[in-house]
Novice: 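This is the structure I want to talk about, given as structure tokens.
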Amino acid sequence: MTVQSDVYVIVLITIILGAAIILLSKKIDKADPLEKPKGIIVPVLWGVETVYNMVKTNVGDRYANALTPYIIVLWVYIFVSNIISLFGLSSPTANLSVTLLLAFITWVLIQITEFRFQGVGGYFHSFLEPIPVMLPMNIFGKFSTMVSMSLRLFGNILCGSIMMQLIYTFTQYLSNKLVGLFTSSSVQVFNFVAPVVAPLLHAYFDLFAGFIQTLVFVTLTVVLIGNDIPEEAKKVSVNTGTVTPESH
């Protein structure tokens, strides 16, 4: 039985992120809440607050506390997986199995939300709306979100990886040709053109594209879940269990 190389990268990322989360949690627990945050705590708190506000805007105060931890982990995991190729490792998100599983988790959360607010009868009745003849299309549409989200992330990351491989192949060819202008040797030389061209392209295909694809996937997850939560439920305060004043 052959184990895909991506499995080792996934395990490595999981260990690194797990250790980082534990260390940062301990560091935050030891920090004095009465003093101004400093060091690594500042960007961590800023990131958590930013994600929480985004989640709260879409799902409401009552459900933001439960959903935010997952969204933060999802955001960090996908982004690290997208840019891990900068360190010479294959990106797990360039594997359809990985992106399909991530999209499946989002799909399950959406179905749980629909069950909770529509009830069993309302959930299955939605397959017959607006008319019963739409049943096949509604069934297809129920799973299309999972497929489209997984293929979007997979396709963009894989495309970036292929583009960089082609660029390195071309720069190697160009390096050989440039050396061949001054020597008669046809031996493959050091790819000295790549360090000049590749950094800027890595910044786009890995960092920029990796960030954008992470943002798209996470935003879709939050928005699609939020769309199935009634506006009345979003306006319920987590502290009092009553409708917030701004809803009146």
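Atoms considered below: every heavy atom in the structure, side chains included; atoms not considered: hydrogens, waters and symmetry mates. Since we're looking at a predicted model, the values are computed, not measured.
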Novice: How close do Y70 and L102 get, heavy atom to heavy atom, and via which atoms?
Specialist: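 Smallest heavy-atom distance, with atoms named: OH-O, 4.3 Å.
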Novice: What heavy-atom pair brings T171 and A194 nearest, and what distance separates the two atoms?
Specialist: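 Result for this residue pair: OG1-CB, 3.7 Å.
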Novice: I'd like to check I229 versus R116 (side-chain heavy atoms, cut-off strictly below 4.5 Å). Are they in contact?
Specialist: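 The answer is no, as the side chains (C-beta and beyond) never meet within the 4.5 Å cut-off.
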Novice: Quick check: are there more than 12 heavy atoms from other residues, nucleotides or ligands sitting under 6.0 Å from CD of E129?
Specialist: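 Atom CD in E129 is packed in, count exceeds 12.
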Novice: Side chain to side chain contact (heavy atoms under 4.5 Å, CB included), that's the test. Do N138 and L128 meet it? Break it down for me.
Specialist: CA-CA 8 Å; N138 287 334; L128 304 176; 5.9 Å; no
Novice: Quick one: does any side-chain atom of T219 pair with a main-chain N or O of V216 as donor and acceptor, under 3.5 Å?
Specialist: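 No.
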Novice: So N65 and Y52, side chain to side chain contact (heavy atoms under 4.5 Å, CB included) or not? Walk me through it.
Specialist: CA-CA 8 Å; N65 288 340; Y52 174 79; 3.2 Å; yes
Novice: Minimum heavy-atom separation for D228 and P230, please, with both atom names.
Specialist: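 Nearest pair, atom of D228 first, then P230: O-CD, 3.7 Å.
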Novice: Parallel, tilted or perpendicular, judged at 30° and 60°: which one describes the rings of F117 and Y63?
Specialist: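 Taking Y63 first and then F117, their aromatic rings stand perpendicular (interplane angle over 60°).
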Novice: What about I78 and V73, same hydrophobic cluster or not, with Ile/Leu/Val/Met/Phe/Trp/Tyr joined at side-chain heavy-atom distances under 4.5 Å?
Specialist: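 Different clusters: I78 never reaches V73 through Ile, Leu, Val, Met, Phe, Trp or Tyr contacts under 4.5 Å.
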Novice: Report the distance from atom CD1 of I83 to atom CG of L89, rounding to the nearest 0.5 Å.
Specialist: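 The distance works out to 11.5 Å.
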Novice: Measure the shortest side-chain to side-chain distance between L158 and N95 over non-hydrogen atoms and say whether it is less than 4.5 angstrom.
Specialist: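 L158 vs N95: side chains apart.
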Novice: Would a 4.5 Å heavy-atom cut-off, applied to side chains only, mark T221 and I71 as touching?
Specialist: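 Answer yes - side chains close enough.
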Novice: Would you compute the distance between atom CD1 of I21 and atom CD1 of I16 and round it to the nearest 0.5 angstrom?
Specialist: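 Here the interatomic distance stands at 12.0 Å.
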Novice: Which atom names give the shortest non-hydrogen contact between I157 and G210, and what distance separates them?
Specialist: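 So the minimum-distance heavy-atom pair works out to CD1-CA, 4.5 Å.
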Novice: To the nearest 0.5 Å, how far apart are CE in M146 and CG in L100?
Specialist: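 Result: 6.0 Å between the selected atoms.
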Novice: Is it possible for you to say whether I40 and V42 belong to one hydrophobic cluster, with membership spreading through side-chain heavy-atom contacts below 4.5 Å?
Specialist: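 As far as the 4.5 Å side-chain criterion goes, V42 and I40 are not connected within one cluster.
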Novice: Members other than V223 in its cluster, when Ile, Leu, Val, Met, Phe, Trp, Tyr link by side-chain heavy atoms under 4.5 Å?
Specialist: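 Once heavy-atom contacts under 4.5 Å are chained together, V223 still belongs with nothing else.
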Novice: I'd like to check the side-chain contact (heavy atoms from CB on, under 4.5 Å) partners of F208; sequence neighbours left out, ordered by chain and number.
Specialist: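 Scan of F208 (side-chain contact (heavy atoms from CB on, under 4.5 Å), adjacent residues dropped) gives Y204, I212.
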Novice: Is there side-chain contact between R152 and L220, with at least one heavy-atom pair below 4.5 Å?
Specialist: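 With C-beta onward as the side chain, the pair touches.
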Novice: Verify whether the ring centers belonging to H202 and F87 lie closer than 6.0 Å.
Specialist: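 Between H202 and F87, the centre distance exceeds or equals 6.0 Å.
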Novice: Is the closest side-chain heavy-atom distance between T57 and M54 below 4.5 Å?
Specialist: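 No, every pair of side-chain atoms sits at 4.5 Å or beyond.
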Novice: Rounded to the nearest 0.5 Å, what's the gap from OG on S126 to NZ on K142? Could you check?
Specialist: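 The OG atom of S126 sits 4.0 Å away from the NZ atom of K142.
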Novice: Going by atom types only, do N82 and S91 share a side-chain donor-acceptor pair under 3.5 Å?
Specialist: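 Their side chains do not contain a donor-acceptor pair, so the 3.5 Å distance test is not met.
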Novice: Are F143 and W107 packed together at the side-chain level, in the sense that at least one heavy-atom pair is separated by less than 4.5 angstrom?
Specialist: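 Yes, side chains in contact.
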Novice: Applying side chain to side chain contact (heavy atoms under 4.5 Å, CB included), run through I13 and S81 and close with a yes or a no.
Specialist: CA-CA 7 Å; I13 292 176; S81 298; 3.7 Å; yes
Novice: Transitive ILVMFWY cluster of I131 at side-chain heavy atoms under 4.5 Å: who else is in it?
Specialist: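 Once heavy-atom contacts under 4.5 Å are chained together, I131 belongs with V133, M134, M137.
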Novice: Consider only side-chain heavy atoms of I, L, V, M, F, W and Y, link residues closer than 4.5 Å, and tell whether V11 and L101 are in one cluster.
Specialist: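 Per the 4.5 Å side-chain linkage, V11 and L101 are not co-clustered.
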Novice: For side chain to side chain contact (heavy atoms under 4.5 Å, CB included), just list the numbers for V218 and F79, CA-CA rounded to whole Å, side-chain angles, deciding distance to a tenth of an Å, and then say yes or no.
Specialist: CA-CA 10 Å; V218 172; F79 182 67; over 6 Å; no
Novice: Please check if atom CZ in F104 has more than 12 non-hydrogen atoms from other residues, nucleotides or ligands closer than 6.0 Å.
Specialist: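 No, because the 6.0 Å sphere around CZ of F104 holds 12 heavy atoms or fewer from other groups.
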Novice: Between V189 and F192, which heavy-atom pair has the shortest distance, and what is it?
Specialist: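 For V189 versus F192, the nearest heavy atoms are CG2-CE2, 4.4 Å.
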Novice: Are I110 and I112 connected in a single hydrophobic cluster, I mean Ile/Leu/Val/Met/Phe/Trp/Tyr linked by side-chain heavy atoms less than 4.5 Å apart?
Specialist: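 I112 and I110: separate clusters.
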Novice: Rounded to the nearest 0.5 Å, how far apart are CD of E114 and CZ of F124?
Specialist: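 That separation rounds to 11.0 Å.
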Novice: Looking at every non-hydrogen atom in both residues, tell me the closest pair between L17 and V80 and how far apart they are.
Specialist: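 Nearest pair, atom of L17 first, then V80: CD2-CG2, 4.1 Å.
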Novice: So, K234 side chain and N58 main chain: donor-acceptor pair closer than 3.5 Å or not?
Specialist: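 Yes.
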Novice: Counting only heavy atoms not in Y173, do more than 12 sit closer than 6.0 Å to its OH atom?
Specialist: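 At most 12 heavy atoms, drawn from other residues, nucleotides or ligands, come within 6.0 Å of this atom.
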Novice: Check for me, please, whether W46 and V44 land in the same ILVMFWY cluster - side-chain distances under 4.5 Å, paths through other members count.
Specialist: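 No, it is not one cluster - the side chains of W46 and V44 are not joined through contacts under 4.5 Å.
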Novice: Nearest 0.5 Å, what's the CG-CG distance between N176 and N191?
Specialist: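 Nearest 0.5 Å value for the CG-CG distance: 8.0 Å.
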Novice: Around atom CZ of F115, are there more than 12 heavy atoms of other residues, nucleotides or ligands at under 6.0 Å?
Specialist: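 Enclosed.
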Novice: With distance as the sole test, does T99 use its side chain to make a donor-acceptor pair with the main-chain N or O of L96 at under 3.5 Å?
Specialist: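 Checking the backbone N and O of L96 against the side chain of T99, a donor-acceptor pair under 3.5 Å is found.
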